Amino acid sequence: MEKYIIARGIRVNNLKNIDVKIPHKKLIVITGVSGSGKSSLAFDTLYAEGQRRYIESFSAYARQFLEKMDKPDVDHIEGILPAIAIQQKNPVKNRRSTVGTATEINDYLRLLFARIGKTYCSSCKRHVQIDTVSNITETVFSLPEGTRFMVIFPLTISQKVSNQAQINLLKERGLVRILVDKTIVDITTETKDINIHNAKAVYGIVDRLLVKDVIKERLVDALETAYRLGAGHLSIIYDITNNPTDSSISKGIPTEIHGSQWIELKYNKQFYCSYCNIEYSEPIPALFSFNNPVGACSRCQGFGHTIDIDLDAVIPDKGKTLNQGAIVPWNTPTYSELLESLKNASSKYNIPMNVPFSKLTEEQVKLIMEGTEDFCGLYDFFKWLEQRKYKMHVRVFLSKYRGYTLCTDCNGSRLKKQALNVFINNKNIANICSMTIEKALQFFEELQLSDYEKNTAHLILQEIRKRLDYMIKIGLGYLTLDRMTRTLSGGEAQRVNLATSLGSSLVNTLYILDEPSIGLHPRDTGRLIQILEKLRDIGNRVVIVEHDKEVIKKADEIIDMGPGAGENGGTIVYQGSFRNLPAHNGSLTGQYIKGRKAIKIPARRKLSGKKIILRGASQNNLKDIDVT
Ligand SMILES: [Zn+2]
Ligand SMILES: [Zn+2]
């Protein structure tokens, strides 16, 4: 790689035909008073040329989709690299973008959940998995030695075929015993008194065994046979008379056979809850993405909110009675007849017209919403309006009463129920995304995994931890992963982008940053500098436009623009190390930082006398604060 970016004869904006030489693997800080030409050099020259060259490296076909950039007014530039600008503007356009998706952390979470997430049945909360013969064998051997058990499979009994014919059929399939409700029946002898038509559950018995080492091969055989005969379903049923407190008892179903207590454990070859007969699909990464139809909640299409009637807009003042016009849309002349018909039916349905809306009973509100044969309810009213939306004035009217409401299917998590049934250490992906980044990192650091899980997931976990850690280092540990990026401040958005760049470990790139310390707590500036140094150390050039003294001090090289603003600026007053930054008159930055000149703070700042008052501000990370 070339050692320098060299540019000669730069005349962009107010720059006065200057030359600049930017060394590789250095942290460069461009300083100077505002208007001195810092941004002209950093963004309008270096970034613009980096972008332009980058775009030109694409094929003509690809280029037609990209914005064409003009060549900056420069005689000659060499050694330029593809450039990434990280500015204060919040560039987010995608309404669904969150901190998690922007930082790619969600991509890794999706992989993680698909690899090691455990699906739990939404109805009985049991772990749903494909039960292999070896898994089942393992469970059997975890039972106390000497436990009596049977390998059985469910039989489908047809009401159309006679009792005897079905039993004969079972005999032909090689069965000797069946389990009919609470009784074991030998079908080779005692078939006369058995009526399988009336039984609640009938099982074929493949083998009866005691738990001990020598049975392993026989057990595997029995399980395979049971799966074959039971079309992928089987059960292990074991006697707990001697071990009434065995730990796996709670997972199964208690059963009585010939007066003693047994437990039935159900197994299935499919991804299926055998206890509730619910089929699940095996988790794949797309299931955990609200940007993918596979995972997005179908009701809200992955937005977390639906556009519905906003009751707070329909009934804005719940202190008003129905007679006083609590239902605002029915106060208009066009729809006042609806209020009339409600009034006429009010005594019949016991809806008081002179009681504040907030004092109505749940039952009464429900009637008003749903309506009766005597009057139109609010739901039907809005449904009727929906059908007449082709009329402009109806659309305008409707828009006043509609708002975003939290999706009732996914509760704002934006994912299908199926995705929310998958857990890692008792947390589903929505639980993790609603934690602060600090909490999430703690969760992943304390995560206890089996050896198998560690092997399959450690690389993914490493990426997740690394990215969460960058976010904390950059002072954003208080954000949650599900925070919408469009609600971030410019400084926050810039730092999210910075963390993303670091996470993706791009090298040979020219990073140009616009005052990254703005909005940062002084405590976090040090960490920001570490991040910038890291970006440099992995093989990038980092150019920062900055006023902050702490950042300037850490620069490998300072380019000080000036001496003044506009026509009085546009030249490089100093380029070199911080240590050698002169305190002479040419460099204002030098004078400020080296203490010759201090910014005079007016003795008494003018006060306007006006106040801005905020009460109960609790959006995002504000905690119900009042500000005056
Ligand atoms: Zn279940
Ligand atoms: Zn939803």
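Counting convention: from 1, in listed order, for ligands and their atoms alike. Computed over heavy atoms, backbone and side chain alike; hydrogens, waters and symmetry mates excluded. On a predicted model such as this, the values are computed, not experimentally measured, just so you know.
- More than 12 non-hydrogen atoms from other residues, nucleotides or ligands lie less than 6.0 angstrom from OH of Tyr390.
- Heavy-atom contacts from other residues, nucleotides or ligands closer than 6.0 Å to CG of Asn426 number 12 or fewer.
- Judged by the 6.0 Å and 45° rule, Arg110 forms no cation-pi pair with Phe288.
- Protein N/O/S atoms closer than 2.8 Å to the Zn ion (ligand 1), listed by chain and residue number, are Cys121 SG, Cys124 SG, Cys273 SG, Cys276 SG.
- Between Asp131 and the choices Tyr227, Tyr272, Phe271, the side chain to side chain contact (heavy atoms under 4.5 Å, CB included) rule is met once, by Tyr227.
- Under the ring pair (Phe, Tyr, Trp, His ring centres under 6.0 Å) rule, Trp330 has a single partner from Phe382, Phe375, Phe381, Phe397, which is Phe381.
- Only protein N, O or S atoms were considered, and those under 2.8 Å from the Zn ion (ligand 2) are Cys297 SG, Cys300 SG, Cys407 SG, Cys410 SG.
- In summary, Arg465 and Glu445 do not engage in a salt bridge, as defined by a charged side-chain N under 4.0 Å from a carboxylate O.
- The environment of CD in Glu138 is sparse: at most 12 heavy-atom neighbours from other residues, nucleotides or ligands sit within 6.0 Å.
- In summary, the side chains of Thr485 and Ser97 do present a donor paired with an acceptor at a separation below 3.5 Å, with no hydrogens or angles considered.
- The existence of a salt bridge linking Asp312 and Lys318 is confirmed by a sub-4.0 Å separation between a basic side-chain nitrogen and an acidic carboxylate oxygen.
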